[in-house]
Amino acid sequence: MTSTTDHPARELQGLIEREVAQAGGWIGFDRFMALALYAPNLGYYSARGEPIGLGLGRTPSSDFVTAPQMSPWFSRTLASSVREALDKTSTREVWEFGAGTGEMAFELLSVLGERIDRYTVVDLSAGLKETQRQRLLPFKDRVRWVTELPAAFEGVVLGNEVLDAMPVKLLVNVGFEWFERGVSLGPTDSPSGCPWVWSDRKTALRPPIEIDLDGGAEVGAMGREYLTEIHPQAHAFIGTLAERLKKGVIFLIDYGFPEHEYYHPDRSGGTVMCHELHRADPNPLVQVGLKDITAHVNFTGIALSAQDAGLEVLGYTSQAHFLINSGLLPLIIDRPVSEKAMAQKLITEHEMGELFKVMALGAGLGEAMDWSPMGFSVGDRSHQL
Ligand SMILES: C[S@@+](CC[C@H](N)C(=O)[O-])C[C@H]1O[C@@H](n2cnc3c(N)ncnc32)[C@H](O)[C@@H]1O
């Protein structure tokens, strides 16, 4: 059962089928994921009314929860780090990618008041933009939406759970050979009813580091199947930011790890995951358009793309360290127990505290070059990247 009608999903299926046919019978998973999530009017983020929220049994029902929804103290604490970055760079604008329901923008504008001259949202989801517009009505004179970044801009850039929503390429190693895993049309009488099948093509693409595929207990003469992802779209995104952000700081918050963990020989099934009605499943080929598809972030890759493009890595740590360093605990100490319990989930190791990381990147810092942002004052892990 889903909360959307299946009509857009059927149209989306037709669109992908046509694209696969036009491409000669095969498309890469990155293209499939891009269509499934962002095809205009049909993809998950275009057609799904309210994907993000606290849980089942609420109206409207949602598919997954993010930190700004979990507790307003996430954004209120982030505000201290944003204020510091605005001060250090002498800038007055915030740019948020993928603003979801607008909750984080609402809290930042409430806490930082006139310190923010203008708040710009860049989002691919038409449905969410409307939700954001309603939520941000009290600040409507200072908020705007753009579909493209200007050639030059400055300020603080934010992206919470945006990198994980960017399409990834799948690479699979079988018998010590690398293939790109893509999608083809399956037999029309498929017993699963799924119109798609995985289809692998030999490729010159490789993961960014060598993986010890000989290791592990279950290796036979043919080796074993090892599936992973690479993230060209996220790297291109960082390149564009680096080219256009003339002065400012970028905070990227997401789930992921450094590359030695990402491409660990034991992580042989990759990290692609789908979310629907607060349940996770690993099969992106079913319920296409009706559920979210994500992949973890390789933070080493993000740091390298950033450095190659001229940005400075200012810090990298867990969400727990970042929020505690930015002053979360004194902010919540006198709050009611229920509120504190939700805020605790942001930093508890088995909830969002450890899997989620925060990376800060600096552009055109000039005299602020030696500055170490407060969010990384204790527990900076940049050396682990
Ligand atoms: C998982 S949601 C996170 C929403 C919100 N930041 C939150 O934490 O609740 C991902 C969001 O990123 C947006 N997105 C994905 N790729 C994007 C891109 N290249 N530019 C702008 N927004 C993007 C999606 O449309 C969606 O709104």
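In listed order, ligands and their atoms are each counted from 1.
Counting the atoms of ligand 1 from 1 in the order shown, those under 4.0 Å from a heavy atom of Val122 are 21 (C), 22 (N). Distances below 4.0 Å separate heavy atoms of Ser125 from the following atoms of ligand 1: 25 (O). Per-residue contacts place Met166 under 4.0 angstrom from the following atoms of ligand 1 (heavy atoms of the residue considered): 19 (N). Taking every non-hydrogen atom of Leu128 and a distance limit under 4.0 Å, the qualifying atoms of ligand 1 come out as 27 (O). When each atom of ligand 1 is checked for a heavy atom of Phe64 under 4.0 Å away, the hits are 1 (C). For ligand 1, the atoms closer than 4.0 angstrom to any heavy atom of Gly100 are 4 (C), 5 (C).
Here the protein heavy atom with the shortest distance to atom 11 (C) of ligand 1 is Gly98 CA, 3.9 Å. With hydrogens left out, the protein atom closest to atom 17 (C) of ligand 1 is Leu124 CD1, 3.5 Å, a heavy atom. Protein heavy atom nearest atom 15 (C) of ligand 1, with residue, atom name and distance: Tyr38 OH, 3.1 Å. If you check which protein heavy atom lies closest to atom 10 (C) of ligand 1, you get Glu161 O, 3.2 Å. The protein heavy-atom contact nearest to atom 9 (O) of ligand 1 is Thr66 OG1, 2.6 Å. Nearest protein neighbour of atom 24 (C) of ligand 1, counting heavy atoms only, is Asp123 OD1, 3.5 Å.
Between Trp196 and Phe32, the ring-plane angle classifies as perpendicular under the 30° and 60° cut-offs. Using bins of under 30°, 30° to 60° and over 60° for the plane-to-plane angle, the ring pair Trp178/Tyr226 lands in the perpendicular bin.
Under 4.0 Å from ligand 1, heavy atoms of Asn160 appear from its side chain as well as its backbone. Heavy atoms of Gln69 found under 4.0 angstrom from ligand 1: none, in either backbone or side chain.
Counting heavy atoms from C-beta on, the side chains of Glu17 and Pro195 come closer than 4.5 Å. Arg118 places a side-chain heavy atom less than 4.5 Å from the side chain of Thr120.
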Could you go step by step and tell me if Val183 and Trp26 meet the side chain to side chain contact (heavy atoms under 4.5 Å, CB included) rule? CA-CA 6 Å; Val183 176; Trp26 183 94; over 6 Å; no
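Using a 4.0 Å heavy-atom cutoff, Tyr45 is listed among the residues neighbouring ligand 1.
Taking hydrophobic clusters as Ile, Leu, Val, Met, Phe, Trp and Tyr residues chained together by side-chain heavy-atom distances below 4.5 Å, Leu252 does not share a cluster with Val358.
In terms of heavy-atom proximity, Ala39 sits nearest to Leu15 at CB-CD2, 3.7 Å.
Around the CG atom of Asp117, the shell of radius 6.0 Å holds more than 12 heavy atoms that belong to other residues, nucleotides or ligands.
Taking any N or O of Pro68, backbone or side chain, none lies under 3.5 Å from an N or O belonging to ligand 1.
A salt bridge links Glu107 with Arg76; the closest basic N to acidic carboxylate O contact falls under 4.0 Å.
Side chain to side chain, Tyr255 and Gln319 fail the donor-acceptor criterion of an N or O pair below 3.5 Å.
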